[in-house]
Amino acid sequence: MATRNSGSFAIAPDGVDPNKVPKRVLYTGAEIPAIGLGTFGSDRFSGQQVAEAVLGAAAVGYRHFDCASVYGNEHLIGQSFREILKGGIKRQDLWITSKLWNDKHGQNDVIPSCEKSLKDLQLDYLDAYLVHWPFPNYHAPGCDVHSRSPDAKPYIHEDFMKTWRRMEELTERGLVRHIGTSNMTIPKLKMVLGDARIKPAVNEMELHPHFQQPELFGFVRASGMVPIGFCPIGSPTRPDRDKTETDTVDIQDPVIARIAGRLNVHPAVVCVKWAVQRGQVPIPFSIYRNEYLANLRAAASEPLTDAEMKEIAGIDKNCRLIKGQVFLWKDGQGWEDLWDPGGQVTPP
Ligand SMILES: NC(=O)c1ccc[n+]([C@@H]2O[C@H](COP(=O)([O-])OP(=O)(O)OC[C@H]3O[C@@H](n4cnc5c(N)ncnc54)[C@H](OP(=O)(O)O)[C@@H]3O)[C@@H](O)[C@H]2O)c1
């Protein structure tokens, strides 16, 4: 836990100095810590446990937190942020992201949704606010992957840009410093980049050794966005409903396991190290101090060798874990259709 001296929030003796955590620079010139703490508690961890992890993570040196309204825990995490700020950590030294959920893309919903996240998180502004998915589809939290919304819609660029205009307005009003996208594809991003007045600063995307998305990763960087990598460890604790028989397990990969053996760390740590070194910003989740501390240390310690980086580049299995089945909008489609496999936005 935090070491507190007369109200101050000092870094734990075994923690990592936040100044030693690498940073990435956004096109605005702002810096984002090269690793953050994920806060999606899955079906397994309570909001209270996640909020305690946020507090504990700040005490070991984390300054970047990845939140979202749909995780249902922002009101609890807000209490942790209040305590962190009260303890003397400056707001400008934190990086806090939140996300607009899919049933709030309507023009009159975007700004109130952001304001609700700000209120819950007890903040005046967000460092980044992302459109969580490009599909404006409601589905009940925790619903089965086979459930379909009768109102499900495909990606309609004109509609997305109406939502994006409101996102732009949020920056103009000073409520958010950067706006970004998540779960996008190259064709969708090309259209958004062509029409945005304020272009996305970050794109949050699934990235782990068995799902490296080299083309999208390269496109995002070449377009001046920073890729934020979710499920960096291969999300071993994701909800059972998000697991399929063909999914592979990054932390059991022999290459990852061998490197972990050399470093005497858990294979999860190798995944985090690889991610930071490759240039994405991983946001690993854990409520356990030893795990989130090991992940932060991974980002600030000796790098993997060039040969190890090359070996990991060779174990990509194109294994997408978060497939998004609930967003499918008509019968006879496969989840691949959500990801524009033909290199163009899948037609309605
Ligand atoms: N934008 C999006 O659509 C989107 C989608 C998914 C996730 N996200 C974000 O990305 C974050 C991370 O993704 P995720 O939570 O699905 O998966 P993840 O970070 O890949 O995996 C988390 C799990 O890995 C294990 N772990 C973490 N650090 C470890 C360590 N040092 N040693 C051993 N095991 C370790 C823990 O499992 P054990 O408890 O078994 O140890 C933990 O529950 C989320 O929390 C969320 O903020 C965003």
Side-chain angles (χ1 to χ4, degrees), residues 16 35-47 49-51 53-54 56-57 60 62 64-74 77 95-102 128-135 180-185 200 202-211 213 227-243 247-252 256-257 260 263-276 280-299 301 319-324 326-327 338-339:
V16 177
I35 177 170
L37 184 79
T39 67
F40 173 47
S42 180
D43 296 346
R44 304 176 202 276
F45 306 99
S46 71
Q49 285 176 307
V50 177
V54 166
V60 300
Y62 277 82
H64 170 185
F65 301 91
D66 181 79
C67 307
S69 57
V70 76
Y71 302 160
N73 53 19
E74 289 191 325
I77 292 175
W95 180 282
I96 300 168
T97 297
S98 182
K99 312 187 194 89
L100 177 76
W101 190 235
N102 312 323
Y129 195 53
L130 317 183
V131 182
H132 207 142
W133 286 84
F135 305 103
T181 48
S182 177
N183 295 301
M184 293 292 268
T185 59
V202 299
N203 181 59
E204 196 164 304
M205 51 195 281
E206 183 176 329
L207 287 172
H208 43 95
H210 284 182
F211 193 57
Q213 303 212 65
I228 297 183
F230 69 71
C231 303
I233 295 163
S235 198
T237 49
R238 69 191 178 281
D240 289 335
R241 63 192 136 90
D242 283 337
K243 296 188 175 171
D247 290 352
T248 59
V249 182
D250 301 69
I251 53 179
Q252 287 172 7
I256 301 290
L263 295 170
N264 195 22
V265 294
H266 190 281
V269 171
V270 177
C271 296
V272 173
K273 240 176 165 26
W274 167 79
V276 173
Q280 63 242 28
V281 174
I283 43 171
F285 169 81
S286 181
I287 62 158
Y288 303 114
R289 188 180 191 278
N290 64 318
E291 292 187 355
Y292 57 67
L293 177 54
N295 295 341
L296 188 64
R297 284 196 185 139
S301 53
C319 179
R320 188 187 289 280
L321 302 173
I322 307 302
K323 301 174 179 67
V326 293
F327 298 108
L338 297 165
W339 303 99

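If you read the sequence from its start, that first residue is 1, and numbering goes on from there. Note that ligands are numbered from 1 as they come in the structure, with each ligand's atoms numbered from 1 the same way. Values below: every heavy atom of this structure, side chains too, minus hydrogens, waters and symmetry copies.
- In terms of protein heavy atoms, atom 37 (O) of ligand 1 is closest to Thr237 CG2, 3.3 Å.
- Atom 3 (O) of ligand 1 has Asn183 ND2, 2.9 Å as its closest protein atom, hydrogens excluded (heavy atom only).
- Enclosure of atom CG in Asn264 is not indicated, since only 12 or fewer non-hydrogen atoms of other residues, nucleotides or ligands lie within 6.0 angstrom.
- Every atom of ligand 1 is numbered from 1 in the order shown, and the set under 4.0 Å from a heavy atom of Asn295 is 27 (C), 28 (N), 29 (C), 30 (C), 31 (N).
- For the pair Tyr292 and ligand 1, no heavy-atom separation below 4.0 Å is found.
- Every atom of ligand 1 with a heavy atom of Ser182 under 4.0 Å away is listed here by number and element: 1 (N), 2 (C), 3 (O).
- Pro284 pairs by the side-chain contact (heavy atoms from CB on, under 4.5 Å) definition with Ile35, Pro232, Ile233, Val272, Pro282, Asn295, not counting sequence neighbours.
- Of the polar atoms of Ala294, none of the N or O atoms is found under 3.5 Å from an N or O of ligand 1, judged by distance alone.
- At a 4.0 Å heavy-atom cut-off, ligand 1 touches Glu291 through backbone and side chain alike.
- Below 30°, between 30° and 60°, or above 60°: for Phe285 and Phe45 the angle between ring planes is between 30° and 60°, a tilted geometry.
- Nearest residue to atom 44 (C) of ligand 1 from Trp133, Phe40, Phe65 is Phe40 (criterion: closest heavy atom).
- With a heavy-atom cut-off of 4.0 Å, Ser235 touches ligand 1 through backbone and side chain alike.
- The CD atom of Glu206 sits 8.0 Å away from the OG atom of Ser235 when rounded to the nearest 0.5 Å.
- Remark: ligand 1 atoms within the under-4.0 Å shell around heavy atoms of His266 are 32 (N), 33 (C), 34 (N).
- At a 3.5 angstrom cut-off on N or O pairs, Ser286 does not count as close to ligand 1.
- Distance check, rounded to the nearest 0.5 Å: OH of Tyr129 to CG of Leu100 gives 4.5 Å.
- Counting only distance, with no hydrogens or angles, the side chain of Lys99 and the backbone of Leu130 share no donor-acceptor pair below 3.5 Å.
- The single protein non-hydrogen atom nearest to atom 13 (O) of ligand 1 is Cys231 N, 3.3 Å, given as residue, atom name and distance.
- Looking only at heavy atoms of the protein, atom 19 (O) of ligand 1 is closest to Phe285 N, 3.0 Å.
- Listed by number with element, the atoms of ligand 1 under 4.0 angstrom from any heavy atom of Pro236 are 21 (O), 23 (C), 24 (O), 25 (C).
- For Phe230 and Phe40, the ring centers are positioned 6.0 Å apart or more.
- Note: Asp250 CG to Phe211 CZ = 11.0 Å, rounded to the nearest 0.5 Å.
- Panel note: side chain Tyr62, backbone Tyr292; a donor-acceptor pair is recorded below 3.5 Å.
- Between Lys323 atom NZ and Asp242 atom CG the span is 8.0 Å, to the nearest 0.5 Å.
- For the atom pair Glu204 CD and Asn183 CG, the distance stands at 8.0 Å (nearest 0.5 Å).
- Using a 4.5 Å cut-off on side-chain heavy atoms (C-beta onward), Ile251 and His266 make contact.
- Between the side chain of Asp247 and the backbone N or O of Leu321 there is no donor-acceptor pair closer than 3.5 Å.
- For atom 11 (C) of ligand 1, the nearest non-hydrogen atom of the protein is Ile283 O, 3.2 Å.
- Taking a cut-off of under 4.0 Å to the non-hydrogen atoms of Tyr288, the atoms of ligand 1 that pass are 39 (O).
- Considering only heavy atoms from C-beta on, Val265 stays 4.5 Å or farther from Arg297 through its side chain.
- At the top of the distance list for atom 46 (C) of ligand 1, counting protein heavy atoms only, stands Tyr71 OH, 3.4 Å.
- Close approach of ligand 1 to His132 (heavy-atom distance below 4.0 Å) involves ligand atoms 1 (N), 2 (C), 3 (O).
- The ligand atoms of ligand 1 that sit less than 4.0 angstrom from a heavy atom of Pro284 are 19 (O).
- Atom 6 (C) of ligand 1 has Phe230 CD1, 3.4 Å as its closest protein atom, hydrogens excluded (heavy atom only).
- Distances below 4.0 Å separate heavy atoms of Ala268 from the following atoms of ligand 1: 29 (C), 30 (C), 32 (N), 33 (C), 34 (N), 35 (C).
- Every N/O-N/O distance between Phe45 and ligand 1 stays at or above 3.5 Å.
- Of the protein's heavy atoms, Asp66 OD2, 2.7 Å lies nearest to atom 47 (O) of ligand 1.
- In this structure, Glu204 has a heavy atom closer than 4.0 Å to ligand 1.
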